[in-house]
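Data block below; observations after.
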Amino acid sequence: MKRFLKALAVTAALLVPAVAPQAAGDAEHPRSGHFSFDSAFGAFDRAALQRGYAVYAGVCANCHSLRLLSYRNLLDIGLTEEQVRAVAGSVEVTDGPNDEGQMFQRPGRLSDRFHRPFANDNAARAANNGALPPDLSVITKARHGGANYIYSLLTGYHEPPAGVTLGQGMNYNPYFPGGQIAMAAPLNDGAVEYADGTATSVDQMARDVATFLAWASEPETETRKRMGIKILIFLAVAGFIAYGVKRKIWADLH
Amino acid sequence: MAETATHAAGSQPEGGKRDFLKLTAGAFGAVGVGAIAWPFISSMNPAQDTLALASTEVDIGAVQTGMAVTVMWRGKPVFVRNRTADEIKQARDVPLNELKDPATDQSRVQRDNWLIVVGVCTHLGCVPLGQKPTDMRGDYHGWFCPCHGSHYDTAGRIRKGPAPANLAVPTYTFLTDTKIRVG
Amino acid sequence: MSIGLHKSEMKNPVIRWVDERMPIFTMMEKEYGSFPTPRNFNYFWNFGALAMINLLIMIATGIFLAMNYAAHTSLAFDSVERIMRDVNYGWLIRYVHMNGASMFFIVVYIHIFRGLYYGSYKAPRELLWILGVVIFLLMMATAFMGYVLPWGQMSFWGATVITNLFSAFPVVGQHIVTLLWGGFSVDNPTLNRFFSLHYLLPFVIFGVVFLHVAALHITGSNNPLGIEPKGPQDTIPFHPYYTSKDTVGIIVYLMVFAVLVFFAPNYLGHPDNYIPANPLSTPAHIVPEWYFLPFYAILRAVPDKLGGVLLMFASILVWLVLPWLDTSKVRSMKFRPVARIAFLLWVVAFFVLMYCGGKPAEEPFVTVSRIATAYYFAYFLVILPILGRKEKPMKLPESIAAAVLGPKGAGPVPGGAAAKPMEKA
C-alpha cells in the first residue's frame, strides 16, 4: 500500500509540469513584476490601479478596447462616483432609436460599457497596418504569465539582436511569441501625467497598467481570496472535529 | 473481539465527550450547508449590470396637456401623464376617507400637472388601460385594469376593484423642465 | 413481496406512515444504515462517495450557471464573463463548476486505480465494473461538451478536432461529422446541441450511478484484502462507521477543491480559452483538458488516422473486458507480487502518456508515447492473462477479522502490512 501511495505521489509530481502553464512558442519567460496581488493574501494596490487606469485611458485606449467593462466598474478601483461620472460623461454614446426613429449621441452613463476605439475588428485592422489590437478585458487570463507578461512585454522592447530581420512595420520584443510584434513600444517616459505625482518612468507605467489589467480581467480576485481563507479555516476546524468524531466512533472496534 | 462489531454506536451512556463532538459536528454541518446554499440563492437576485440599468431618462417636452406617454423602466411601463386642471381638481377634491389606500394627490406628485406612476396594476401585475385617448379609463377617469376590473383615479389611486394599493410612484427627479430621470 | 402495506419498523409516526406506503426509509436504513460493510476499508474507499458528492456539486452549480448562460455563438463568451463579473457569486459558481470537472476526474481516476489495484472488477463484480466504465465514458462526453460552452479558442478548436475524429471512419465518417456539427463547420447549431446534451448527460450519469450503487449493494463492497467477508465478525454497519469516515474524506477533498477554486482557479485551464473563438485562426498549441491527455497521447502515438482513433477508443473499451482478461483468482494485488509491479508500471505509463499528451507532437515525446501505449495495452492483453496462470500469489489471510485484529483472530497474518488496521491510516 505504501508503495502504491509513493508511486502515486511520484506520478503526480510528474503530472504537474505536464499541465502547468507553459510559455507559448519561443517567447522568453516573463519576468516577475513582484505585484502586490501575487500572494494568496495579496490585494490590489488602489493607487497603482488608478495610475494604471490613467495609463490605459491615456495610451492603450487609443487602440485597445476594454469591451467587457462598464464605467461603473471604476468605482471598484477607488475612484469617486463624481470622477467616474465625469469619465463616462466625456464620451459620446450612440443610443436610440428615438421617437423619430433616429440614432442619436448622448453623454455616457455609469451603466455604459467602455468606449471602443474602433467600430469593429476590420476597422481596427485597417487602422493598424493589418494587425488587430486585442481586446484587453480578460487579457491577463488569456496570456501565459498574466500580469507578468504584460509588464515584461511593455518593458521588453529593444533593438533586435544581430541576425534578426524584422518584418515591415514590426518591432522586436523577446516576450512576444515569435519575437516580432506589430505594436510599437507604447510607453515612453512621461507618456501620461499621474494625479498623485508619481514619476512616470516606463517601468512604473508598465507595472501600473499591468496591475490595472489584472484587476480588469479578474475583478473578483480580492473577494475570492478573502472568502477562500475563511472557507479553508472553516474546513480545517470542521475536519478536526470530523476526525475526532470518526476516531470516537471507531474506538470500540479495536 | 467479534462482539464489538455489533455495537450500536452512540448508544453508550458514558459518551459525554462524544455527544459534545457530535453536537459540534452537527453545528458545523448546518453552518456549512447554509454557507453553500447562500451563493446559489443570491445568484438568482438581480445581477450588477441589471441593477446598474435601474434608471431611465425621459424627455417629456412633447407631451401635451391631457396626454400621456409610457416609458420603459426596469422592464416595466411607467405612465407619465400631463394632467389637465380638471383632472388635478378631481384628484384633490376626493376626501381621504373615501379612499381604499389613503394618500393625498400632493403626496404623489412633484409638479402638479405631472403624474408619474408605475403602470403595473397592484392586483396581479397587468398593465392598466388609459394611456391612449381611446382607452377605457374606468369610473374615475384615471386607468382601468381589464384583467380583473380595478379602477384608478386621476392620481393613480385605487378606487374600485380587487387591487389593494395605489399605482406605485417611482423615484424620479426633474433634470430640467422637460426631462426627468426615473430611478 | 406481497401486496399490502410494508411492515415498517420506523418509530416516528409520520415517517412510519410514509414508510408503510413507500418504504424508502426502510431502504435507506438497509442500504446506508445497517448495510454490512467490510471492516477493513482504507481511505481509498472514500472515493466512491467523493465522486457522488462531486456529481451533485456539478449538477447544482451547472443548473445555476445555465440560468445565466446564453448558448449562442455571439453571446456565449460574453455571457460567461457576465456571470464572472455581474451575477452575484457568479464567479464562485463558475469556478466551482470549472474546477469541479477537474476534481471529478481526479476523484474518478483514483477510484478506478483503486479498483484496478484491489481487483474490484473481478467476479462477481464484473457488471458493477462495467457500469463504472459506462459512467466514465459518459463523464468524458459531458466534460468535452461542457468545455465547448464558453466558446473560447480552445472550446472551438477542441470541438473541431474531437468531432473530426469521426471523419477517420471510412465511407460514413464525413457524414457523421456533418451530422454532429449540424452544418459545415463547428458553429451555432453545434454549440446549441452541445449545451442541450451537456445539460442532459449528467442526469443520465446520475441514473447509471444509481445502477452502479444498486449492483454494489448486491455483491457488497470489495476490500483491501480482496477476500469476501465470511460472517458478521468481518463486517460493520455502514452507519456510523463509514459515514463518519466518509465525512473526514469529504472535508479533505473540499479543502483541496477550495485551494483550486479560490487560489488557482485557472491553473488547470488554458489561457487560450479566454480568447473568444475565432474560426479563422487555430492557436499554436492546442491541447485537450488535462484529464484527456493520456488518451490524446495514444491517439497521436499512431501515425495512421483511423488507427489512432481506433486505438484511442480501444484504450477505454478494453476496460470493459478486463474482468475476463485478468485470469487470477486472487483479487487484491497486495497478494500478487508480480502483478503489483506490473500494475504500478501501468500507472506510470498512464501518467507518462498524460505528460506526453500535453507536449507537442515531436521527439522524444512521440517515441515515449509509443512505448507507454504499448505497455498500456500489453498490461491488459498480455501481462494480466498470463500472470493469472504463472504467478504464485502469497497466502491469503483466513478472514478479514483475522487480518485486521491480529494473530488473536486466526492464523498467521501475511504481508505484515495487513496487520496494521488500515482505517487508522
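A, B, ... follow the sequence lines: proteins, then strands. Residue 1 opens every chain.
At a 4.5 Å heavy-atom cutoff, the contact between C:L92 and chain A is made by side-chain atoms alone. Contacts of C:D86 with chain A are made by side-chain atoms alone, with heavy-atom separations under 4.5 Å and no backbone atom involved. For a residue to count as touching a neighbouring chain, one of its non-hydrogen atoms must lie under 4.5 Å from one of that chain's; by this rule C:F77 touches chain A with the side chain only. Heavy-atom distances place no part of C:F350 under 4.5 Å from chain A, backbone and side chain included. Contact annotation for A:S217: only backbone heavy atoms (N, CA, C, O) come within less than 4.5 Å of a heavy atom of chain C. With a threshold of 4.5 angstrom between heavy atoms, C:V287 does not approach chain A through any atom at all. In this structure, chain A has a heavy atom under 4.5 Å from the side chain of C:Y89, while its backbone stays farther away. Interface remark: C:P276 contributes side-chain atoms only to the contact with chain A (heavy atom separation under 4.5 Å). At a 4.5 Å heavy-atom cutoff, A:R226 makes no contact with chain C through either its backbone or its side chain.
Of the listed residues (C:I250, C:T247, C:L254), the greatest number of heavy-atom pairs within a distance under 4.5 Å of chain A belongs to C:L254. Annotation: maximal heavy-atom pairing with chain C below 4.5 Å, among A:I231, A:T221, A:I139, occurs at A:I231. Counting heavy-atom pairs closer than 4.5 Å to chain A, the top residue among C:S244, C:P283, C:G357 is C:S244.
Residues A:D135 and A:R116 are not paired through a salt bridge, judged by the lack of any N-O separation under 4.0 Å between the basic side chain and the carboxylate. Using a 4.0 Å cut-off between a side-chain N of Lys or Arg and a carboxylate O of Asp or Glu, C:R94 and A:E220 do not qualify as a salt bridge.
C:D246 and C:Y253 share no side-chain donor-acceptor pair at under 3.5 Å. With no hydrogens or angles considered, a side-chain donor-acceptor pair links A:R31 and A:Y175 at under 3.5 Å.
Exactly one of A:Y53, A:Y151, A:F44 qualifies for a ring pair (Phe, Tyr, Trp, His ring centres under 6.0 Å) with A:F212. That residue is A:Y53.
For A:W250 and C:Y242, the distance between ring centers is under 6.0 angstrom. Annotation: C:Y117 is not in aromatic contact with C:F113 [ring centroid separation under 6.0 Å not met].
Other residues, nucleotides and ligands place no more than 12 heavy atoms under 6.0 Å from the CD atom of A:Q168.
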